[in-house]
Number of protein chains: 2
Amino acid sequence: MEAIIEKYKKSGVKLTPQRLAIIKFLEGNTSHPTADDIFKSIKKDYPTISFATVYNTLEMLKTNNGLVEVTINPERKHYDPNVETHHHAICKSCGLIVDIFTDFSKALGVVEDEVSGFVFSGNHINFYGRCGDCTSERDS
Amino acid sequence: MEAIIEKYKKSGVKLTPQRLAIIKFLEGNTSHPTADDIFKSIKKDYPTISFATVYNTLEMLKTNNGLVEVTINPERKHYDPNVETHHHAICKSCGLIVDIFTDFSKALGVVEDEVSGFVFSGNHINFYGRCGDCTSERDS
DNA sequence: TTCTAAGTTAAGAATGATTCTACTTAACGG
DNA sequence: CCGTTAAGTAGAATCATTCTTAACTTAGAA
Ligand SMILES: [Mn+2]
Ligand SMILES: [Mn+2]
Ligand SMILES: [Zn+2]
Ligand SMILES: [Zn+2]
């Protein structure tokens, strides 16, 4: 946490209580929250916070490489403080998003030569299915 | 085309001129158009068409397995008449979306056992990069 | 053919996530 | 402390998509 704060100070951004609250909320968070999830959570401690602040902070974090947008749900954006390359499993029933850290670069690399003219810089895999809870629910 | 028309007739939907125009526009289309792209194109022949009809028809096609939504662009949905499993290359510069038909099931299958409780039913890979045009443009 | 029921279209209103605006407030280097 | 200036806030605006409702086709029955 301290290291994270230092990082932002160096990049010249002001560390307001609201920003720190959002950074703390996201730190180590693997739930892939939406802007609304973040807003609701921060509102408990900062009742006057506005969506503008949430979105502005997310934008700031994005440009400082502290956050990535996860484009999985066409209805709204999800945010992920884990900026390392990784993939996701998505439950088609309840929307749960789970991280997958397996490295597929070898298996995928071969193909990247086959697409005419493209120069690739990254990839992301979505695995669709049903999570444990939703599977056992249907069985019963 | 004839086969496609038969397919929808059988499923009990009425094939109106607007619907046929949309189906024709999509048939074999690999450009991954948005609802607005479709609307603009159909409007040339049917000036009174509305967005409601475009969205209704897309919904109808989706439920009849004649179309899939492509969740790649967080700003708007793209539609793909190719319902076979395939993947996409996305140009980060111009937004071009190109199909990739390589089969990765073997390489990905191994992992699917490792995610606790999940039962998987499909996957989709996004390859990010720059297309040929955008790459040569930057070079010059 | 003509009639009907059911499904479809079109215009515009409604929704909801995200962005913008105008103004107030507070962070922080000096 | 102070001044500069970035950041916070409330609410309006935007824009893709969905909803509502009345008028209109379609296809089958008579
Ligand atoms: Mn993740
Ligand atoms: Mn495609
Ligand atoms: Zn689930
Ligand atoms: Zn390009």
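Below, all heavy atoms of this structure are taken into account, side chains as well, without hydrogens, waters or symmetry copies. Residue numbers start from 1 in every chain, and the chains themselves are labelled A, B, ... in the order their sequence lines are given, proteins ahead of strands. Keep in mind it's a predicted model, so treat the numbers as computed, not measured.
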Applying ring pair (Phe, Tyr, Trp, His ring centres under 6.0 Å), can you list everything that pairs with B:Phe39, at least two apart in sequence or on another chain?
B:Phe51
Can you list everything that forms a ring pair (Phe, Tyr, Trp, His ring centres under 6.0 Å) with B:Tyr79? Sequence neighbours excluded, please.
none
Looking only at the side chains, is there a donor atom on one of A:Asp103 and A:Ser105 sitting less than 3.5 Å from an acceptor on the other?
yes
Below 4.0 angstrom from OP1 or OP2 of D:dT18, is there any side-chain N or O of B:Tyr55?
no
Can you list everything that forms a salt bridge (charged side-chain N to carboxylate O under 4.0 Å, His left out) with A:Lys62? Sequence neighbours excluded, please.
A:Glu59, A:Glu69
Check salt bridge (charged side-chain N to carboxylate O under 4.0 Å, His left out) between B:Glu75 and all other residues, then give those that pass, not counting sequence neighbours.
A:Lys77
Nearest-Å distance for atom pair [atom1]/[atom2], residues [X] and [N]:
{"X": "A:Gln18", "N": "D:dG8", "atom1": "CD", "atom2": "P", "answer": "5 Å"}
{"X": "B:Asp37", "N": "D:dA16", "atom1": "CG", "atom2": "P", "answer": "11 Å"}
{"X": "B:Asn73", "N": "D:dA16", "atom1": "CG", "atom2": "P", "answer": "11 Å"}

Summarise how protein sits on nucleotides 24-30 of chain D as a single string, 5' to 3': B when a protein heavy atom is under 4.0 Å from the base, S for sugar-phosphate-only contact, - for no contact.
--B----
Residue list, side-chain hydrogen bond (donor to acceptor under 3.5 Å, both in side chains) with [X], at least two apart or on another chain:
{"X": "A:Ser31", "value": "A:Asn29"}
{"X": "A:Thr48", "value": "none"}
{"X": "A:Ser41", "value": "none"}

Under a criterion of less than 4.0 angstrom to any heavy atom of chain B, what are the 5'-terminal and 3'-terminal contacting nucleotides of DNA chain C?
C:dA6 to C:dA11
Please list, one pair per line, the donor and acceptor atoms closer than 3.5 Å that link side chains of residues 88-98 of chain B to other protein atoms, with sequence neighbours excluded.
unit_1: B:His88; atom_1: ND1; unit_2: B:His124; atom_2: NE2; d: 2.8
unit_1: B:His88; atom_1: NE2; unit_2: B:His32; atom_2: NE2; d: 3.0
unit_1: B:His88; atom_1: NE2; unit_2: B:Asp80; atom_2: OD2; d: 3.3
unit_1: B:His88; atom_1: NE2; unit_2: B:His86; atom_2: NE2; d: 3.1
unit_1: B:His88; atom_1: NE2; unit_2: B:Asp99; atom_2: OD1; d: 3.1
unit_1: B:Lys92; atom_1: NZ; unit_2: A:Ser121; atom_2: OG; d: 3.0

Of A:Lys77 and B:Met60, whose closest DNA chain C nucleotide lies nearer the 5' terminus?
B:Met60
Between A:Gly12 and B:Glu69, just flag the one whose closest nucleotide in DNA chain D comes earlier from the 5' side.
A:Gly12
Of all heavy-atom pairs linking B:Val83 and B:Asn65, the shortest is CG1-O, 3.7 Å
Closest non-hydrogen contact found for A:Ile23 with A:Leu61 is CG1-CD2, 4.1 Å
Does A:Asn82 reach the side chain of A:Thr30, with side-chain heavy atoms less than 4.5 Å apart?
no
Determine whether B:Lys9 and B:Glu6 make a side-chain contact, defined as any pair of heavy atoms from C-beta on separated by less than 4.5 Å.
yes
How sharply is the helix from C:dT1-D:dA30 to C:dG30-D:dC1 bent, taking the axes over five pairs at either end and rounding to 10 degrees?
30°
Interface polar pairs with nucleotides 10-15 of chain D, N/O, under 3.5 angstrom:
unit_1: D:dA10; atom_1: OP2; unit_2: A:Thr48; atom_2: O; d: 3.1

